[in-house]
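Here is the structure we will look at.
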Amino acid sequence: DVTTLKARYYSYPSSMVKIESNNITNTHRILLRPNQSISWRLSLIFIGFIAITCLSIGVAFAFLGATLILPFAGLEVILVSICFYIVLRKSYCQEVITMTQDKLKIQREIGKSEKIWEYFRIWSYLLVERPKHPWYPAHIFVTSKGERVPVGDFLTEDEKEDLVVSLEAIINSFNKN
């Protein structure tokens, strides 16, 4: 179940790529998630600190006669809150790649929205686009039926390299059987 998997996965902040294998059913599940530098709780505390600071300065200036500062202080708090929400929402996404001997399933969850791609594993392949310049990131795609699904765009270059090696090892283990 993806819901229990998500709850269990986010409680372990160690690795951005986690691989689970079940040798009995010959199923492999790869969990990908971006780095989460701050939790929702700590971000609310930080936004509260910013709000108290900005609004107290605005109220102090309003008592001194500069009432025009107060709406801008409130606007600043709202903009910082919106920016934090956008960044945190993107950091709480996850991708789950499930591979069996016959099927390949990619699930992408961002908040409550979920997108699922299902393919026949034998007709799918892994495509790694290396950048022409080292400043640009590599891109990993799972390709099948003329469709390219990007995987792990939020990972660092080292994590992408580890992911490619792991995916190739899993694919090679299926091809040996």
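Note that the coordinates shown come from a computational prediction; the quantities given were computed from them, not determined experimentally.
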I want to check something: taking the side chain as every heavy atom from C-beta on, are [X] and [Y] in contact at a cut-off of under 4.5 Å?
{"X": "Leu167", "Y": "Met99", "result": "yes"}
{"X": "Ile30", "Y": "Val151", "result": "no"}
{"X": "Met16", "Y": "Pro34", "result": "no"}
{"X": "Glu95", "Y": "Pro150", "result": "no"}
{"X": "Asn26", "Y": "Thr100", "result": "no"}
{"X": "Tyr85", "Y": "Trp40", "result": "yes"}
{"X": "Leu155", "Y": "Val17", "result": "yes"}

Legend entry - Residues which pass side chain to side chain donor-acceptor pair (under 3.5 Å) with Thr53, listed by chain and number, not counting sequence neighbours: none
Give the cluster check for [X] versus [Y]: same hydrophobic cluster or not, with ILVMFWY residues linked at side-chain heavy-atom distances below 4.5 Å.
{"X": "Ile57", "Y": "Phe46", "value": "no"}
{"X": "Leu32", "Y": "Leu126", "value": "yes"}
{"X": "Ile50", "Y": "Phe84", "value": "yes"}
{"X": "Leu104", "Y": "Val164", "value": "yes"}
{"X": "Ile106", "Y": "Val128", "value": "yes"}

Output the distance between atom [atom1] ([X]) and atom [atom2] ([Y]), rounded to the nearest 0.5 Å.
{"X": "Lys115", "Y": "Arg108", "atom1": "NZ", "atom2": "CZ", "result": "8.0 Å"}
{"X": "Ile97", "Y": "Leu163", "atom1": "CD1", "atom2": "CG", "result": "5.5 Å"}
{"X": "Thr98", "Y": "Glu20", "atom1": "OG1", "atom2": "CD", "result": "9.0 Å"}
{"X": "Lys18", "Y": "Ser166", "atom1": "NZ", "atom2": "OG", "result": "14.0 Å"}
{"X": "Phe49", "Y": "Leu42", "atom1": "CZ", "atom2": "CG", "result": "14.0 Å"}
{"X": "Leu88", "Y": "Gln36", "atom1": "CG", "atom2": "CD", "result": "8.5 Å"}

Inset, instruction - Count the heavy atoms of every other residue, nucleotide or ligand shown that sit under 6.0 Å from CG of Leu44, and state whether that count exceeds 12. - result: yes
Inset, instruction - Kindly check if the number of other-residue, nucleotide or ligand heavy atoms within 6.0 Å of CG (Asn22) is above 12? - result: yes
Minimum-distance pair of heavy atoms, taken over all atoms of [X] and [Y]:
{"X": "Leu68", "Y": "Pro71", "value": "O-CD, 3.2 Å"}
{"X": "Lys160", "Y": "Pro137", "value": "NZ-CB, 3.9 Å"}
{"X": "Thr67", "Y": "Ala62", "value": "CG2-O, 3.9 Å"}
{"X": "Cys93", "Y": "Ile110", "value": "CB-CG1, 3.5 Å"}
{"X": "Cys54", "Y": "Val77", "value": "CB-CG2, 3.9 Å"}
{"X": "Ile47", "Y": "Ser81", "value": "CG2-OG, 3.3 Å"}

Legend entry - Under 3.5 Å: donor-acceptor pair, side chain of Glu114, backbone of Gln107: no
Inset, instruction - Only pairs at least two apart or in different chains count here, so list each ring-ring contact (aromatic ring centres under 6.0 Å, His included) that has a residue in residues 106-128. - result: none
Legend entry - ring-ring contact (aromatic ring centres under 6.0 Å, His included): pairs with one or both residues in residues 136-173, sequence neighbours excluded: none
Legend entry - For Arg41, all residues meeting salt bridge (charged side-chain N to carboxylate O under 4.0 Å, His left out), sequence neighbours excluded: none
Inset, instruction - Could I get the full list of salt bridge (charged side-chain N to carboxylate O under 4.0 Å, His left out) partners for Arg121, not counting sequence neighbours? - result: none
Inset, instruction - Could you name each residue pair satisfying salt bridge (charged side-chain N to carboxylate O under 4.0 Å, His left out) that touches residues 126-135, not counting sequence neighbours? - result: Glu129-Arg148, Arg130-Glu161
Inset, instruction - Hey, can you tell me if His28 and Phe174 have their rings parallel, tilted or perpendicular (30° and 60° cut-offs)? - result: perpendicular
